[in-house]
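Here's the structure, in structure tokens; my notes come after.
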Amino acid sequence: MLHALLISNGLAGLEKYYVSSELVHYTTCLITKDFNPDLAPYDLLVVPNGSDHVAMLKIKDRVRVFLDAGKALVCCDGFFTAWVPGNQWVMDNSRRTQDMRYFPGPDRHGLLRNLDLDELNFSHGMSGWWACGYIQAAPGAEVLLADTWQRPVVVLDEVSTNGRMLLTASGPLADVTYAGRSDSALVTLYRNFLNLISTVPVPAHG
């Protein structure tokens, strides 16, 4: 079983979107003025939509040590401070959201398997709802999804550290399936990553 630390900025209902299962157990860490969590006991660090990236910047060295130990990070929020090794989120609303579409790139680990892209392209007929801005991806990182203008919006980085990072351009992911429906694209991508880090060792750096 994976042990995950879920960073919380106190947003109501966050735990409803990350529910412990036979695959992963979540421990919630609330950001306070004394925020300085011990990451060592965990396999996965989850930084969800609505997080405090000023606080994350304060622990960037701990995050780096955590990743260099072969652990994993999911960040699905606009990380406007430079705490994510090798990658940087960029806010850009200069493009029309109605023109926004997402296109798959190389996916050697199958993280897009069974993912319905139209669920990300459209919500109640509205496009551009999911990602915000784009990611300046690390050289050699895998761009899983790019937007209409070939800007990375979902990145898998196995090169910047000894661990793995799944990063989205502010596009929320979740680990919950509502009764009576199949997994949404948000859940499918996230759980495909959980399965990857549970079963496939991180490639050794040459």
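Using a 4.5 Å cut-off on side-chain heavy atoms (C-beta onward), L6 and P48 make contact. The side-chain heavy atoms of M165 and C75, taken from C-beta on, include no pair separated by under 4.5 Å. Using a 4.5 Å heavy-atom cutoff, the side chains of M56 and R62 are not in contact. Residues L117 and L145 form a side-chain contact, since some pair of their non-hydrogen atoms from C-beta on lies under 4.5 Å apart. By the 4.5 Å heavy-atom criterion applied to side chains, L111 and L156 are counted as neighbours. In this structure, the side chains of S170 and W130 stay at 4.5 Å or more apart for every pair of heavy atoms.
With hydrogens and angles left out, the side-chain atoms of Y17 and N49 include no donor and acceptor closer than 3.5 Å. Using modelled atom types, one finds a donor on one side chain and an acceptor on the other under 3.5 Å when comparing D157 with S160.
Between L166 and the options L144, V155, L73, a side-chain contact (heavy atoms from CB on, under 4.5 Å) holds for only L144.
V187 is not connected to L194 by any chain of hydrophobic side-chain contacts under 4.5 Å among Ile, Leu, Val, Met, Phe, Trp and Tyr, and they are in different clusters. Cluster annotation: L189 and I197 are assigned to the same hydrophobic cluster (Ile/Leu/Val/Met/Phe/Trp/Tyr, side-chain heavy-atom contacts under 4.5 Å, transitive). Following chains of ILVMFWY side-chain contacts shorter than 4.5 Å, one can reach L2 starting from L173, so the two form part of one hydrophobic cluster. Side-chain heavy atoms closer than 4.5 Å link hydrophobic residues (I, L, V, M, F, W, Y) into clusters, and following such links, even through other members, never connects W89 to V154. Hydrophobic clustering (ILVMFWY, side-chain heavy atoms < 4.5 Å, transitive): I135 and W149 are in distinct clusters.
With salt bridges taken as basic N to acidic carboxylate O contacts below 4.0 Å, none links R101 and D147. Remark: R108 engages E158 in a salt bridge, criterion side-chain N to carboxylate O under 4.0 Å.
The aromatic rings of H53 and F79 sit tilted, their planes meeting at an angle between 30° and 60°.
Aromatic ring centres of Y18 and Y190 lie closer together than 6.0 Å.
The list of salt bridge (Lys or Arg N to Asp or Glu O under 4.0 Å) pairs with a residue in residues 193-202, not counting sequence neighbours, is empty.
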